Amino acid sequence: QRDTIRSLRDLSFELEPVVLRDQGFAPAVRALAEQLGLAAQIEIDLDVAGADALAERAQVTIYQIIREALHQAIRRGPPERIAVRVGEAGDGVEVVIADDAPGERRRRTFEAIEERGRALGGRLEVDQGEDGGTAVRVVFPTYAVRR
């Protein structure tokens with residue numbers, strides 16, 4: 001029973017960590033980046049202050065997208081560096097996770113991210129980075145993610 005409870009608690013934390021609910025988006029992403037960065041010995045640069053003005057549902061969705069993209073980059077690479085940015089993008093809000101790991105060519109790899117983004121009207125773009133890595137970009141319409 002204890003193992004089952006521990007597994008459920010871990011799963012619940014993965015879906016929506018307590019720090020996201022209690023302290024906000026930036027501290028939750030920072031904690032995730034520190035944990036993954038230390039475990040994989042990579043540098044993760046964050047520029048996520050733009051997410052503070054987003055609705056709670058949008059923050060949860062974007063957190064999950066960032067988490068999935070970070071895990072994918074680490075599995076492919078591992079990369080030496082990953083950059084995460086959440087901010088304004090013309091007519092919406094964009095989330096960009098760019099890494100220098102070997103590029104991913106299988107479109108299917110990004111289906112989970114695309115599905116999460118679609119829940120809020122998001123549009124996924126995946127590009128090869130200048131350094132051979134991958135840039136995952138999800139653009140959300142402002143009306144779908146703002147408070």
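As the structure is a computational prediction, the values presented were derived from the model and not from experiment.
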On a heavy-atom basis, the closest approach of Pro78 and Ala101 is C-CB, 4.5 Å

Does a salt bridge link Asp45 with Arg81, judged by any charged N lying under 4.0 Å from a carboxylate O?
yes

Applying a strict under-4.5 Å side-chain criterion to I, L, V, M, F, W and Y, I'd like to know whether Ile74 and Ile66 cluster together.
yes

Value for CD1 (Ile82) from CG (Asp100), rounded to nearest 0.5 Å, stands at 8.0 Å

Evaluate the criterion side chain to side chain contact (heavy atoms under 4.5 Å, CB included) for residue pair Leu120 and Arg57; output intermediate values, then yes/no.
CA-CA 9 Å; Leu120 293 175; Arg57 179 175 177 218; 3.6 Å; yes

Supply the atom-to-atom distance Ile65 CD1 to Leu70 CG, rounded to the nearest 0.5 angstrom.
12.0 Å

Measuring from atom CG of Leu46 to atom CZ of Arg30, what distance do you get when rounded to the nearest 0.5 angstrom?
7.5 Å

Can you tell me which residue among Asp99, Leu32, Val48, Val136 is in a side-chain contact (heavy atoms from CB on, under 4.5 Å) with Val84?
Val48

Quick check against the 3.5 Å criterion: does Gln59 have a side-chain atom that pairs as donor or acceptor with the backbone of Gly24?
no

Go through the side-chain N and O atoms of Gln72 and Glu68 and say whether any donor and acceptor fall under 3.5 Å apart.
yes

Pro79 and Ala73: which non-hydrogen atoms are nearest, and at how many Å?
CD-O, 3.3 Å

Exercise: identify the closest heavy-atom pair between Gln128 and Gly133
OE1-O, 3.2 Å

Following the transitive rule for hydrophobic clusters with a side-chain heavy-atom cut-off under 4.5 Å over Ile, Leu, Val, Met, Phe, Trp and Tyr, establish whether Val96 and Val86 coincide in one cluster.
no

To the nearest 0.5 Å, how far apart are CD in Glu111 and CG in Leu124?
10.5 Å

Cluster question for you: counting only ILVMFWY and a side-chain heavy-atom cut-off of under 4.5 Å, with indirect links fine, are Val139 and Tyr63 together?
no

Between Phe25 and Ala51, which heavy-atom pair has the shortest distance, and what is it?
CD2-CB, 3.2 Å

Heavy atoms only: give me the nearest Asp91-Thr142 pair and the separation to one decimal.
O-OG1, 3.5 Å

CD1 of Ile44 to CD1 of Ile97: how many Å apart, nearest 0.5 Å?
11.0 Å

